[in-house]
Visitor: 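Please see the structure below; I have some questions.
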Amino acid sequence: MKYQIEQLLQAALATLPPDVVPADIRPEINVERTRDAAHGDFATNIALQLAKPARKNPRQLAQAILDALPASDLIAKTEIAGPGFINFHLSAAAYQLELSRVFDFGPVYGYGKRGAGIGTVVEFVSANPTGPLHVGHGRQAALGDALVSLLQTQGYEVSREFYYNDAGVQIHKLALSVQARARGIKPGDAGWPEEGYAGDYIGDIAEEFLAKSSVHALDGEAVKASGKPDDFESIRKFAVAYLRREQDIDLQKFGVHFDVYYLESSLYTDGKVEETVKGLIGSGKTYENEGALWLRTTEFGDDKDRVMRKSDGTFTYFVPDVAYHVTKWQRGFRKAINVQGTDHHGTISRVRAGLQALGLGIPEGYPDYVLHKMVKVMRGGEEVKISKRAGSYVTVRDLIEWVGRDAVRFFLVSRKADSEFVFDIDLALAQSEENPVYYVQYAHARVCSVFRQLQEKGFTHERDIGERNIALLSEPQERALIRRLTYFPELLENAANALEPHQVAHYLRDLAGDLHTYYNAHQFIVDDVNLRNARLNLVAATRQVIQNGLKLLGVSAPEKM
RNA sequence: GCCCCCGUAGCUCAGUGGAUAGAGCGACCGCCUCCUAAGCGGUAGGUCGCAGGUUCAACUCCUGCCGGGGGCACCA
């Protein structure tokens, strides 16, 4: 719809005589949604933009443009407003066209194709298998999953990927901690490893290990514990498998699945790390200093050069990280997005520098990042510290049990990623019945209820009759609802481009509000068959769009509440 | 000290350079012989952190301050 108006303006500008606007002045045409319904549906500031270079009065220019505007049955009225805006009021035919699209496309209404066929990988959560998933991971899971869905609406072919740092120092500490517990040493006792993990779950793992249990993660083979406290390798494998399984369970409860679990350790066994190191050395961007191997990342915008291989011969985490991103490129993903906490933002310049140094033709901005701030959890007016080393922190599992999956997902995705998030447990609990998510779901359930009533009253919904009578929808609440519905495709495009799922949550709240207002102001099941079906079309379309939107966020759309 | 992000109603947050800055929660006043009141209508509540600059037009862009968070490892 917006595109069609742009086309009309383009045509109008092309026919303007040079003495009105010189031919070399052709600013980008900007067509925007109006904020106020009184200003119509769309507006353009083109006359304001042209006024200065053309040295003309903007309102006179606007008139000249309107005079040159080709006729279209999509537009009911145009007007010049304020300093020189041109407002467009859409016709009933235009609304009709858009509403029928909702029915024609159904669950894929609003989808676009600007990303058609572009291989894309979104990496998110990527929690180390050293403990349960905490609220921060929950934010990342909700954000990443919604982002993937959003990109898919634009045709991107997206893979959800989870990277396991299962080969590093943290895993070593985990294994040491479990081993200590298996030997009966507790946090604080003499012999407890420095910076060991103190959570109770460590004790659970030790118990299971001693009991010679078997566990397996979703994609992994079964790992059986040897039960011998001196068998460090068995402890390490068992602890990792155990925690991966725990994380799988949490993610499953959260309704988030991954297409690929990529293990850091596999980068070593596949020789990818070795390959990357060779490539970097071959690039001439490395040097030895104080027994370590360094990469000149400063040549690619980093603050300082980074160590690749420590003096003890092992690699820093950043080498496999670069190797991993090379595989993303090699696997054909031309777009890569990493969802991470802002505390990892230092890695961005390093990874990008490493990829550039390799000279593989990978674009400079690869990969993209969506950084999110940490979640501050409040309980009883006090902050609950989130720390893996501390024993107590709020897990994803806790949150789901307290306020329900739908509420947690909707909440966590409803704020901009880079704003801090205060999750007040008490408030979330107290508001469990006034939660924004219920507001949206209720709108959906209400429409479902209307159609149940319709059936009870012996009526049927005739879409064709409704479409022929769309002009009857002239109430302000109806206009508002139609405006909002027809914005949905643009919303998806904007949110996907900006990588901002929170826009969807806000849109749904607004749309639900429009529906509730309409519901309270007017009766849908009226005697007049024409008006009745026109209204039923409108609310059925609303139901469809709410469904589509909630699905993107991983929130259910109940038919009854 | 250097780098990144945030500062908008009492609280939690929206706001692609445009017209009178918006929601929710909280507060106050109303609305169920009517498709679910988990709802609706209304009132109150603002120096958009501060100061400059760019622009026809700045909450939005630029610079500098102030306040908050996060990074600046041969940790991940």
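Proteins come first, then strands; the chains are lettered A, B, ... in the order of their sequence lines, and each starts at number 1. The figures that follow rest on heavy atoms only: side chains count, while hydrogens, waters and symmetry mates do not.
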Visitor: Taking the cut-offs as 6.0 angstrom to the six-membered ring centre and 45 degrees off its axis, would you call A/R33 and A/Y487 a cation-pi pair?
Guide: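 Pair A/R33/A/Y487 does not count as cation-pi.
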
Visitor: Roughly how many Å apart are B/rC6 and B/rA44, using the C1' atom of each and rounding to a whole number?
Guide: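 B/rA44 and B/rC6 have their C1' atoms separated by 29 Å.
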
Visitor: So, does A/K416 get its side chain near the phosphate of B/rG15, meaning an N or O under 4.0 Å from OP1 or OP2?
Guide: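 Indeed, a polar side-chain atom of A/K416 lies that close.
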
Visitor: To the nearest Å, how far apart are A/I46 CD1 and B/rG18 P?
Guide: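 The distance from CD1 of A/I46 to P of B/rG18 comes to 15 Å, rounded to the nearest Å.
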
Visitor: Given B/rA76, B/rC74, B/rA19, identify the nucleotide with an atom nearest to the side chain of A/T347.
Guide: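 Of all the options, the side chain of A/T347 is nearest to B/rA76.
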
Visitor: Is A/H502 stacked on the base of B/rA14, with ring centres under 5.5 Å apart and planes under 30° apart?
Guide: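 No, aromatic ring not over the base.
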
Visitor: Is there a donor N/O on one and an acceptor N/O on the other, under 3.5 Å, for the side chain of A/N45 and the base of B/rG18?
Guide: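 In this structure, the two groups form a donor-acceptor pair.
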
Visitor: Using the C1' atom as the point on both nucleotides, what is the distance between B/rA21 and B/rA76, in whole Å?
Guide: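 So the two C1' atoms sit 43 Å from each other.
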
Visitor: Please determine, by modelled atom types, if A/Y369 and A/E123 share a side-chain donor-acceptor pair under 3.5 angstrom.
Guide: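 Looking only at side-chain atoms, A/E123 and A/Y369 do not form any donor-acceptor pair under 3.5 Å.
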
Visitor: With a 4.0 Å limit, can you tell me whether A/H344 has a side-chain N or O closer than that to the phosphate oxygens OP1/OP2 of B/rC72?
Guide: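 No.
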
Visitor: Could you please name the partner base of B/rC2, counting Watson-Crick and G-U wobble pairs only when both distances are under 3.5 Å?
Guide: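 Paired with B/rG71.
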
Visitor: Between A/E364 and A/R352, is there a side-chain N and carboxylate O pair less than 4.0 Å apart?
Guide: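 The answer is no: the pair does not qualify as a salt bridge.
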
Visitor: Side chains of A/H89 and A/E79 only: does a donor on one sit below 3.5 Å from an acceptor on the other?
Guide: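 Note: A/H89 and A/E79 side chains meet the donor-acceptor criterion.
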
Visitor: Does A/K373 place a side-chain N or O at less than 4.0 Å from the phosphate oxygens OP1/OP2 of B/rC4?
Guide: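 Checking B/rC4 against A/K373, no side-chain N or O comes under 4.0 Å of OP1 or OP2.
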
Visitor: Which nucleotide in the set B/rG41, B/rC74, B/rA38 lies at the smallest distance from any side-chain heavy atom of A/Y438?
Guide: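 Ranking B/rG41, B/rC74, B/rA38 by closest atom to the A/Y438 side chain puts B/rA38 first.
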
Visitor: Between B/rC40 and A/Y439, is there an OP1 or OP2 to side-chain N/O distance shorter than 4.0 Å?
Guide: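 It does, given that an N or O in the side chain of A/Y439 lies less than 4.0 Å from OP1 or OP2 of B/rC40.
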
Visitor: Against A/N338, only a single residue in A/E161, A/K328, A/H344 fulfils side chain to side chain donor-acceptor pair (under 3.5 Å); can you say which?
Guide: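 Among A/E161, A/K328, A/H344, the one meeting side chain to side chain donor-acceptor pair (under 3.5 Å) with A/N338 is A/K328.
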
Visitor: Between the side-chain atoms of A/E290 and the base atoms of B/rC74, is any donor-acceptor pair under 3.5 Å?
Guide: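 Yes, the side chain and the base share a sub-3.5 Å donor-acceptor pair.
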
Visitor: Choose from B/rG71, B/rC74, B/rU12 the nucleotide whose nearest atom is closest to any side-chain atom of A/A292.
Guide: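 Looking only at side-chain atoms, A/A292 lies closest to B/rC74.
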
Visitor: Rounding to an integer number of Å, can you tell me how far A/L263 CG sits from B/rA76 P?
Guide: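 From A/L263 CG to B/rA76 P: 17 Å.
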
Visitor: Distance check: side-chain N/O of A/S419 vs OP1/OP2 of B/rA14, anything under 4.0 Å?
Guide: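 True: A/S419 side-chain N/O within range (under 4.0 Å) of B/rA14 OP1/OP2.
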
Visitor: Say we look at B/rC56 and B/rC72: how far apart would their C1' atoms be, to the nearest angstrom?
Guide: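 About 44 Å, rounded to a whole number of Å.
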
Visitor: Measuring to OP1 and OP2 of B/rU16, would you say a side-chain N or O of A/R33 lies under 4.0 angstrom away?
Guide: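 Answer no for this pair, as no side-chain N or O of A/R33 is under 4.0 Å from OP1 or OP2.
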
Visitor: Which residue, A/K2 or A/F524, contacts RNA chain B at a nucleotide closer to its 5' end, judged by nearest heavy atom?
Guide: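 Upstream on the strand: A/K2.
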
Visitor: Considering the options A/Y262, A/Y164, A/F162, A/F318, which one meets the ring-ring contact (aromatic ring centres under 6.0 Å, His included) requirement together with A/Y324?
Guide: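 Looking at A/Y262, A/Y164, A/F162, A/F318, the match for A/Y324 under the ring-ring contact (aromatic ring centres under 6.0 Å, His included) is A/Y262.
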
Visitor: Looking across every strand, which nucleic acid part, if any, lies under 4.0 Å from A/Q503 by heavy atom: base, sugar-phosphate, or nothing?
Guide: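 Result for A/Q503 = nothing.
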
Visitor: What class does the angle between the rings of A/H461 and A/F451 fall in, given that below 30° is parallel, 30 to 60° is tilted and above 60° is perpendicular?
Guide: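 It falls in the tilted class, 30° to 60°.
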
Visitor: Reckon A/F318 touches a base, only the sugar-phosphate, or nothing at all at heavy-atom distances under 4.0 Å?
Guide: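 No contact at all - A/F318 keeps every heavy atom at 4.0 Å or more from the nucleic acid.
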
Visitor: Could you give the CD-to-C1' distance, from A/E420 to B/rC4, as a whole number of Å?
Guide: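 Distance check: A/E420 CD to B/rC4 C1' gives 13 Å.
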
Visitor: Using the P atom on both, measure B/rA73 against B/rC11 and round to a whole Å.
Guide: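 Nearest-Å result for B/rA73 against B/rC11 at atom P: 37 Å.
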
Visitor: Figure out the CZ/P separation between A/R415 and B/rA14, and round it to whole Å.
Guide: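 Going from A/R415 (CZ) to B/rA14 (P), I get 7 Å.
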
Visitor: Rounding to the closest angstrom, what is the interatomic distance between B/rC28 and B/rU16 at atom P?
Guide: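 The answer is 34 Å between these two P atoms.
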
Visitor: Rounding to an integer number of angstrom, what distance separates B/rG42 and B/rU55 when you compare their C1' atoms?
Guide: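 Result for the C1' pair: 40 Å, nearest Å.
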
Visitor: Between B/rA73 atom C1' and A/L295 atom CG, what is the distance in whole Å?
Guide: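 That distance rounds to 16 Å.
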
Visitor: Assess the side chains of A/T130 and A/N128: does a donor N or O sit below 3.5 Å from an acceptor N or O?
Guide: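 Result is no, nothing qualifies.
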
Visitor: With C1' as the reference atom in both, quote the distance from B/rG10 to B/rC3 in angstrom, rounded to an integer.
Guide: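 One C1' to the other, the span is 35 Å.
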
Visitor: Identify whether any heavy atom of A/A443 sits under 4.0 Å from a base atom; if not, whether one sits that close to sugar-phosphate; answer base, sugar-phosphate or nothing.
Guide: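 Counting heavy atoms under 4.0 Å across all strands, no contact is made by A/A443.
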
Visitor: Among the candidates B/rA76, B/rA38, B/rA73, find the nucleotide nearest to the side-chain atoms of A/N165.
Guide: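 Of the candidates, B/rA76 comes closest.
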
Visitor: Touch check for A/H172, heavy atoms < 4.0 angstrom, all strands: base, sugar-phosphate only, or nothing?
Guide: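 No contact.
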
Visitor: Which base sits across from B/rG22 as a Watson-Crick or G-U pair, both distances under 3.5 Å?
Guide: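 B/rC13 is the nucleotide pairing with B/rG22.
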
Visitor: Taking atom P of B/rC74 as reference, at what distance in whole Å does atom OH of A/Y287 sit?
Guide: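 Distance check: A/Y287 OH to B/rC74 P gives 11 Å.
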
Visitor: Of A/L48 and A/Y317, whose closest RNA chain B nucleotide lies nearer the 5' terminus?
Guide: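 So the residue in question is A/L48.
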
Visitor: Taking any heavy-atom pair under 4.0 Å as a contact, classify A/T517: base, sugar-phosphate, or nothing.
Guide: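 Sugar-phosphate only.
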
Visitor: Measure from the side-chain heavy atoms of A/N520 and tell me the nearest of B/rC13, B/rC40, B/rA76.
Guide: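 Closest nucleotide among those given: B/rC40.
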
Visitor: NE2 of A/H444 versus P of B/rA38: gap in Å, rounded?
Guide: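 Answer to the nearest Å: 18 Å.
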
Visitor: When the P atoms of B/rA23 and B/rG41 are compared, how many Å lie between them, rounded to an integer?
Guide: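 These two P atoms come out 10 Å apart once rounded.
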
Visitor: Rounding to an integer number of Å, can you tell me how far A/Y519 OH sits from B/rA38 P?
Guide: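 Distance, rounded to whole Å: 10 Å.
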
Visitor: Side-chain atoms of residues 414-422 of chain A: list all donor-acceptor pairs with protein atoms under 3.5 Å, sequence neighbours left out, distances to 0.1 Å.
Guide:
unit_1, atom_1, unit_2, atom_2, d
A/S414, OG, A/F410, O, 3.4
A/S414, OG, A/F411, O, 2.7
A/S419, OG, A/K416, O, 3.0

Visitor: At 4.0 Å (heavy atoms only), tell me whether A/A521 reaches a base, stays on the sugar-phosphate, or touches nothing.
Guide: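 The answer is nothing, as A/A521 stays clear of every strand by at least 4.0 Å.
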
Visitor: For A/H345, report the nucleic acid contact type (base, sugar-phosphate, nothing); a contact means any heavy atom under 4.0 Å.
Guide: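 Since a base atom lies under 4.0 Å of A/H345, the category is base.
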
Visitor: Under 4.0 Å between any heavy atoms, over every strand shown, what does A/N87 touch: base, sugar-phosphate, or nothing? Just pick one.
Guide: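 It contacts base atoms.
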
Visitor: Regarding B/rC5, can its base be found pairing with the side chain of A/T342 as donor and acceptor, where the two atoms are less than 3.5 Å apart?
Guide: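 Side chain to base: no pair below 3.5 Å.
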
Visitor: Respond yes when some side-chain nitrogen or oxygen of A/R509 is under 4.0 Å from OP1 or OP2 of B/rC13, and no when none is.
Guide: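 For B/rC13, neither OP1 nor OP2 has a side-chain N or O of A/R509 closer than 4.0 Å.
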
Visitor: Mind checking if A/A498 touches a base, just sugar-phosphate, or nothing, with heavy atoms under 4.0 Å?
Guide: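 Counting heavy atoms under 4.0 Å across all strands, no contact is made by A/A498.
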
